Amino acid sequence: MSRRLRTPAVLALVLAASLLAAPPATADDLPFRNPALPVEQRVSDLLGRLTLAEKLTLLHQSQPAVPRLGIPYHKNGTEALHGIAWSNDLNDNWNQKLAAGTVFPQAVGLASTWDPELIRKVGSAVGDETRGYNAQNPALWGLQVWAPVVDPLRDPRAGRNEEGYSEDPLLTGAMATAYGKGLQGDDPFYLKTAPVLKHYLAYNNETNRSLTSANLTPKLKREYYEQAFRTAVKADAATGVMASYNLVNGRPNHVNPDLNEVVRSWTDRTLYNVSDAWGPHALTDVEKYFDDKPEAFAAVLKSGQDSFTIDGSDSGPLVTHLTAALDRGLITEADVDRAVGHALTIRFRLGHFDPDGGPYKKITADVIDSPAHRRLNRETAAKAAVLLRNSGTLPLRSPTSAAVVGPLADRLHSDWYAGRMPYEVTPLDGIKERVSDVTTGTGLERVAFRHLDSGRYITATGTGPDDNAALTDTAPTAASQWDVTDWVAGVSTLRNAGNGKLLGGDWRSLDTDDDEPSGWYVQQQFALERQADGSHLIRYAGFENAEGWYGLPDPYVTVTADGALGLAPKAQAARFAKEVVSDGIAAAAEQARKADVAVVVVGSHPWVHGREVHDRDDLRLGDGQRRLIEAVREANPDTVVVLETSYPVIVDAPTLLWTTHAGSETGHAVADVLFGDVNPAGRLTQTWYGADELPSILDYDLVKTGMTYLYHRGDPLYSFGHGLSYTTFGYQDLRVRGDQVSVRVTNTGKVPGEEVVQLYTHQQRSRFRQPVKQLRGFRRIALAPGESKTVTFPFRRDDLAVWDHTRGRWVVEAATHDVLVGSASDRIRARTTARIAGETVPVRDLTRTTRAMDFDDYSGVEFADENKVRGDVVAGSAGDWIAFTGASWGSRLTASVSSAGGGSVELRRDSPAGPLLGTLRAPATGGVYQWVTAKAAAQAGQGDLYLVFKGDLRLRDVTLAR
């Protein structure tokens, strides 16, 4: 047994001596270095050679070398969401070090291909380039990659929408599996890279993300929120999961026992689970869930996380807190060994301790941005494009002239989780390769802001951080003119015409020293708010204004007594006249009038109005971009709108092609589709809703909110799975035979094309609320004109299982299912039915102890933590209720309750206001984690039973014995 290290001075010496690897002081023939031995034996041998202090450092994201054993430094967490993106240096952990490899389309675009085999190739290319960077600098570019993101895209307003794949769990799981398999490589043991799935669990809002709790019913948790994680882990396409910042049912996910008890049950492989950045500190610093760090860090370790992403490259605080936890008996050395064993297992699979570094060690930097990867990128970006509408303008038929206009016509943008593009092909570039006479323009209005009180204009004074914008010019010069890009929801960037830099809110002052929106707080965002008298207020929309410490939650541009510009509350906002100096919209319309065809390239900016930590409150394309589209369409009926966004956006155009921000090859891919070299077959992976029809982003109950195609009953702008083609397809001979469904698909048009054949089902009758329809399979197929293919899907009985919360298990009900095949969730081309043998869920027997969380319906209640380790309960107050429907119960009520102040629960039949059957008095227990048993008499019966809360209390379980 290794000796504990207790003194900080000795600890500091050990850490300082092990920052960099030194030649091993032991022989190379130690058992842990022998690749012929089972990995379990190698891990055990190495664990036995490590001191406790050394083992504790291996629980950190930045793992110091152990020179005496020849163990090199290792860093977790290279970002590789859609290409190798960035990492942090050992000696400069607070600044991103960006890669310059292949930047593929954003993740939501990758999924829009509906092509798992293609996405596996993309993952493999990213894995190769990660190895290439690792060969250059292994201390910077670690081989544990934090990708893919499999959070289901439940709500398009979520700031991190572009990081995920789909609102559908089956499609998300398929894409995550494909990308993860590609990242890992094909060796049965060794890993090219070690992918980690983000973020477990139910993490789809950024607003107060460390304080908000996702209310999850047991049914939705298993059927929806867990499913994509389970799919990828079961397929051995991931080596671990990352805990998310949010809480689920009142318990922070950084101490979610599922990480051990559920996630690890999905595979026989060893998983290496990690925290998100700073997440363990949030348990005490923000969430106040634990009283001190040793208690919190011990809970993180025991919940199933093996790596702490905290304190940059400094593992010292972690070691200090875990050493204290050991001394207090909160954890044991066996707990440490278990987690370190998980870490070492993955490092062995990465080849870290093999004499030759394993089979993937031979990959060099030559693969980075290789010609093959450029070709793959172009193919992927083209296959990801979705034709939303087509008035007949597409494909373009050899125009001799084109007007290519819009704020994104000649610009590409990457996002927070992308590296630098080594080259850029814009839509303008791609079209110029095909059309000799091309005119272009940004289609932006150039304006000047005249302060109504002084008559002076907002003017840039330079490009340095101390060159503050000021009210100086009395007539507009280039320095006081601004190009307005109105992105989404009225949030704009203002680029100075004189120096080409963006106006930014530099910590209460204004300056122009930035080329693009950037930084954690993105201080280059403003909203121009027109007043009733025609004047404008300029609201500052930088991300820091949402932070509690900023102290100015609603800042506006103001003018101080001495004439300086700054930011202040709205009551002190200055009024400006917005004077249009030159009308880029009119200029673009004139260009379009003279051209054979017009292409308007509009969309979002990945850093503006929503990103990590910031959700969106509006999905409408900015007014300036909408007016540009309208003006160009009026000038030239042959207008194509290319929409580049990271999320669904509300915009109207007769011919509309959508792509996400698609990386270096965006322009080639867009041109390939516009001119028909690629027949579009991308499909939407999310429902595109209309305005004003979305519930609170904090409500995770899809069944009640009607979110996603699974439960939405309205008419969206575009449905899940939607996408058009330049050809047409016929569907014939749909059959269900045994455990498979087959359908013949024919290209009935005149050009080759690809169709994404989608299989859905709907269970006609059920004990439980069923989705409107649910995706069960998909295939992307290529067909020549007149060609037919029979597409076959597996249709296994077990795949139709639902979670029976009344008995706590998966069940296949005896039922008839509609079997639906088509090209989108709202475009079903063939249908039949299938009778599935199964069981009938019996009447609920409430004479047995029933968890309160296993209700059938509810209103008002919240779901809470039974204690700080495990268990979910119902928390209710006056008028809240839960219901058990189709139940049978007796007259002797026993319940487990907790309450700080006491309360009661009324039992009512048929409705919350129905006949009173009994009242359970809940005493004050002294705290929400203090549980007592309460009893009461009730009237026995059968039917629907409602438990109505009076006062504040928590309910763990109920028994109504006869």
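Here the structure is a predicted model, which means the values were calculated and not measured.
Counting heavy atoms from C-beta on, the side chains of H342 and R264 come closer than 4.5 Å. Side-chain atoms of Q63 and R347, non-hydrogen and from C-beta on, do get closer than 4.5 Å to each other. At least one side-chain heavy atom of W931 sits under 4.5 Å from a side-chain heavy atom of V873. The shortest side-chain heavy-atom distance between Q184 and T193 does not fall under the 4.5 Å cut-off. Considering only heavy atoms from C-beta on, V43 comes within 4.5 Å of F348 through its side chain. Looking only at side-chain heavy atoms (C-beta outward), Q144 and V274 come within less than 4.5 Å of each other. Annotation: side chain of R154 is in contact with side chain of I697 (closest heavy-atom distance under 4.5 Å).
Using a 4.0 Å cut-off between charged side-chain N and carboxylate O, R328 and D292 make a salt bridge.
For the atom pair E226 CD and W266 CH2, the distance stands at 4.5 Å (nearest 0.5 Å). Here the CD1-CZ distance, from I346 to R269, works out to 8.5 Å after rounding to the nearest 0.5 Å. Within the model, atoms CG of L183 and OG1 of T130 stand 7.0 Å from one another, a figure rounded to the nearest 0.5 Å. The CG atom of N161 sits 7.5 Å away from atom CG of N204, with the distance rounded to the nearest 0.5 Å. Between the CG atom of L322 and the CG atom of L301 there is a distance of 6.5 Å, given to the nearest 0.5 Å. Atom CG of L283 and atom OH of Y289 lie 9.0 Å apart (nearest 0.5 Å).
Two rings, from F863 and F855, have their centers less than 6.0 Å apart. Aromatic ring centres of Y521 and W549 lie closer together than 6.0 Å. In this structure, H281 has its ring center at least 6.0 angstrom away from the ring center of F308.
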Task: Full working for salt bridge (Lys or Arg N to Asp or Glu O under 4.0 Å) between R954 and D865 - done: CA-CA 9 Å; R954 293 185 176 190; D865 50 338; 3.2 Å; yes

TODO: Check step by step if ring-ring contact (aromatic ring centres under 6.0 Å, His included) holds for F949 and Y858.
DONE: CA-CA 11 Å; F949 290 78; Y858 68 97; over 10 Å; no

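In this structure, D335 contributes its side chain and T332 its backbone to a donor-acceptor pair below 3.5 Å. In this structure a side-chain-to-backbone donor-acceptor pair under 3.5 Å is missing from T78 to V145. The main-chain N or O of P252 is never found under 3.5 Å from a side-chain atom of E287 such that the two would form a donor-acceptor pair. Under the 3.5 Å distance criterion, the side-chain polar atoms of D615 are matched with a main-chain donor or acceptor of G159. Without hydrogens or angle criteria, S898 side chain to Y929 main chain gives no donor-acceptor distance under 3.5 Å. Looking only at distances, no side-chain donor or acceptor of D699 sits under 3.5 Å from a matching main-chain atom of S696. Remark: side-chain polar atoms of T172 are not paired, donor with acceptor, to backbone N or O of A228 under 3.5 angstrom. Using a distance-only test at 3.5 Å, with no hydrogens or angles considered, no donor-acceptor pair links the side chain of D151 to the main chain of G164. In this structure, N273 contributes its side chain and D306 its backbone to no donor-acceptor pair below 3.5 Å. The main-chain N or O of A277 is found under 3.5 Å from a side-chain atom of Y245 such that the two form a donor-acceptor pair.
More than 12 heavy atoms of other residues, nucleotides or ligands shown are found within 6.0 angstrom of NZ on K97. With a 6.0 Å radius and a threshold of 12 heavy atoms from other residues, nucleotides or ligands, D268 has its CG atom at or below the threshold. Applying the 6.0 Å contact sphere to CD of Q96 captures more than 12 heavy atoms from other residues, nucleotides or ligands.
For the pairing with Y417, the side chain to side chain donor-acceptor pair (under 3.5 Å) check across R611, E162, E163, R160 returns one residue only, R160.
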